[in-house]
Amino acid sequence: MDIAALKRDLDGIRIEDNDKIVQQKSRDFYWYSPVLKRQLDHVTGDLVVSPKNEAEVIHILSACFRHGVPVTPRGTGTGNYGQAMPLSGGVVLSLAEMNQVTAISPGRVVTGPGAILADIDRATRAHSGQELRIHPSTYNTASVGGFIAGGSGGVGSINFGGLRDFGNVLRLRVVTMEAEPRALELTGEDLHKVTHAYGTNGIITEVEMPLTAAYDWVDVIVGFESFMGAARYGNALACQDGILTKLVTPLAAPAPQLYFKRHQKFFGEGQSIVAVMVAPHALDAFLAFTRREGGAVVYNAAMASDDDRKGLPPAYELAWNHTTLRALRVDPSITYLQSLYPFPDQLALVEKMDGMFPGEVFSHLEFVRFDGNITCFGLPLVKFTTEERLDEIIRIFEENGCPIFNPHRYTLEEGGMKQTDDIQLAFKREADPQGLLNPGKMIAWENPDYDYRSGKTFLFKGLQQVG
Ligand SMILES: Cc1cc2nc3c(=O)[nH]c(=O)nc-3n(C[C@H](O)[C@H](O)[C@H](O)COP(=O)(O)OP(=O)(O)OC[C@H]3O[C@@H](n4cnc5c(N)ncnc54)[C@H](O)[C@@H]3O)c2cc1C
């Protein structure tokens, strides 16, 4: 890898080669996982390159192709599976400066890949009272390109499903990694080539996302004496077609009391909770429904005093992966899993799994609407002891019919469906023939014969070693 020659070819483009800064920009939230922390702690790129527009992206990719230098794209580095970490070194391509919101119209927004999700909503709200359909709980920090390439769903999935569902991304412009990089426009079925592909087969340079009506969502927290009371209420609320919510998050005691430091005073001892975002016009109906279901409203932002509201994070920063972040801040031995409780048996499965690991696993659910059906994901908090025990818990979940999307693996396949995504692989052959984009993240490319049922963890042979 001739980095000096590459640098000469990138004259005029913003480059950072200070070791400390490069290392910092080579990291994401991989340390969430004790397993990834052990495997990836030493990983660093050689150079951070920050294009300002698509023409610069094309110039950079062409130069890297010529010099055989790997390129790992980066939004803002909030991914938590090491997605944005350059396992073979080379260039970290920061898209953060390509953050313009370029067009807003009814139901659509066009932006650069580096636009921060909350900034997009600020622009679309001011323009025409619209907002993005779905955002991760890292709303205030994550880029839209990083969300599309590295995320899967979040706040709003209760109405709109996952990011890879048809219609949740409208159009992407993607630049290929070839001697003469091409800029392709992808729509419809073709979007599946690059959504949630970790940037392994193209660089997203422009996105067009669907919008929905914006509301001043009201944060409410409802308390229950038992976790299953909270889970059943969450399921029933999510099924109320007339009550517009954006988030329905049940969490088992004692996690809220232990980890939600700023909200602690609202919770009774042993109370499990459901954190909800509800549209202002739906609030009366929501409160009537909650009363009927026997829930105790312990916090309602619409009624709270200024004193009570002061310093409180928004409800979505108690949810999705922020639940784990808050737990980790209080207890560094906490880690987590990601499971699905398939429809229509979600509540029975939740009850079964909730009772299985007392004191070791705390249930945390996120209700979603998938293919028209309400069901839930789990992001259970786990008291970490050993990697062997973590694997055992994963096995037990899967044996009981709850698939695990393993957040302790850096490859697409092991973190996902444990099989080759033929569409993404075929597009990589076309768009990145030398395998220079984000190496090591797509097993199907690195080792086509890999046996996903082997029970072993894939180890990327090119993972840069320390020193
Ligand atoms: C506290 C916390 C909460 C989270 N909550 C959620 C959640 O609710 N839902 C969810 O889905 N995820 C969640 N995540 C994961 C992460 O925040 C999201 O995936 C986020 O949207 C990533 O955006 P980013 O800009 O930080 O991307 P990065 O981490 O920088 O990148 C993510 C992936 O996309 C690739 N990439 C980035 N930009 C481009 C581009 N322009 N072209 C091609 N590839 C690119 C990177 O190489 C990497 O593989 C959470 C993470 C944390 C730490």
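As the structure lists them, so they are numbered: ligands from 1, and atoms in each ligand from 1. Below, each value reflects all heavy atoms present in this structure, side chains not excepted, and no hydrogens, waters or symmetry copies. In this chain, residues are counted from 1 in sequence order. In this text, all values refer to a predicted model and were calculated from it rather than measured experimentally.
Counting only N and O atoms by type, the side chains of N168 and R133 include a donor and acceptor under 3.5 Å apart. When only modelled atom types and interatomic distance are considered, Q424 and N201 share no side-chain donor-acceptor pair under 3.5 Å. Between the side chains of S152 and R164, no donor N or O sits under 3.5 Å from an acceptor N or O.
The contact set between ligand 1 and A149, taken as ligand atoms under 4.0 Å from a residue heavy atom, comprises 34 (O), 35 (C), 36 (N), 44 (N), 45 (C). Proximity to G151 (heavy-atom distance under 4.0 Å) selects the following atoms of ligand 1: 11 (O), 19 (O). Those atoms of ligand 1 that come under 4.0 Å of a heavy atom in G199, given as number and element, are 43 (C), 44 (N). Which parts of ligand 1 touch G75 is read off a 4.0 Å heavy-atom cut-off, strictly below it: atoms 25 (O), 28 (P), 30 (O), 37 (C), 38 (N). Of all atoms in ligand 1, listed by their number and element, those nearer than 4.0 Å to a heavy atom of S137 are 3 (C), 4 (C), 5 (N), 6 (C), 7 (C), 8 (O). Every atom of ligand 1 with a heavy atom of I203 under 4.0 Å away is listed here by number and element: 42 (N). If you number the atoms of ligand 1 from 1 as listed, the ones under 4.0 Å from a heavy atom of W320 come out as 8 (O). Annotation for ligand 1: atoms under 4.0 Å from non-hydrogen atoms of N438 are 47 (O), 49 (O).
Heavy atoms of Y316 come nearer than 4.0 angstrom to ligand 1 in no pair at all.
The N/O atoms of G77, backbone and side chain alike, include one that comes under 3.5 Å of an N/O atom in ligand 1. No N or O atom of T72 sits closer than 3.5 Å to an N or O atom of ligand 1. Looking at T76 next to ligand 1, an N or O pair under 3.5 Å apart turns up. At least one N or O atom of Y198 sits closer than 3.5 Å to an N or O atom of ligand 1. Of the polar atoms of S143, at least one N or O is found under 3.5 Å from an N or O of ligand 1, judged by distance alone. Inclusion of G154 in the set of residues having an N or O under 3.5 Å from an N or O of ligand 1 is not warranted. For a threshold of 3.5 Å applied to N or O pairs, the pair formed by H322 and ligand 1 contains no separation below that value. Inclusion of G153 in the set of residues having an N or O under 3.5 Å from an N or O of ligand 1 is warranted. The N/O atoms of P73, backbone and side chain alike, include one that comes under 3.5 Å of an N/O atom in ligand 1. Looking at L95 next to ligand 1, no N or O pair under 3.5 Å apart turns up.
The shortest contact between atom 11 (O) of ligand 1 and any protein heavy atom is with S152 N, 2.7 Å. Shortest contact from atom 43 (C) of ligand 1 to any protein heavy atom: G202 O, 3.5 Å. Protein heavy atom nearest atom 12 (N) of ligand 1, with residue, atom name and distance: P136 CB, 4.0 Å. Distance from atom 42 (N) of ligand 1 to its nearest protein heavy atom, with residue and atom name: I204 N, 2.9 Å.
Take F458 and apply the ring-ring contact (aromatic ring centres under 6.0 Å, His included) test, not counting sequence neighbours, and it matches Y450.
Here D190 does not pair with R171 in a salt bridge; the nearest charged N to carboxylate O distance is not below 4.0 Å.
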**OP:** Give the intermediate values and the outcome of salt bridge (charged side-chain N to carboxylate O under 4.0 Å, His left out) for residues K441 and E413.
**Re:** CA-CA 8 Å; K441 306 291 169 60; E413 292 92 337; over 6 Å; no
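Here the side chains of N80 and Y30 are not in contact, with every heavy-atom distance at 4.5 Å or above. Between E430 and T176, every side-chain heavy-atom pair lies at or beyond the 4.5 Å cut-off. The closest side-chain heavy-atom distance from H364 to W320 is not below 4.5 Å.
Looking at V49, V57, L93 one by one, the single match for side-chain contact (heavy atoms from CB on, under 4.5 Å) with V71 turns out to be L93. When the options I120, T212, T124 are evaluated for a side-chain contact (heavy atoms from CB on, under 4.5 Å) with L132, the one that passes is I120. If you run side-chain contact (heavy atoms from CB on, under 4.5 Å) between V207 and each of V174, I148, V109, L170, only I148 comes through.
Relative to the six-membered ring of W31, K37 misses at least one condition, a distance below 6.0 Å or an angle of at most 45° to the axis.
Of all heavy-atom pairs between Q257 and Q264, the closest is O-NE2, 2.7 Å.
Comparing G146, G145, P407, G79 against atom 32 (C) of ligand 1, the shortest heavy-atom distance belongs to G146. Of the options L163, L117, T78, the smallest heavy-atom separation from atom 16 (C) of ligand 1 is shown by T78.
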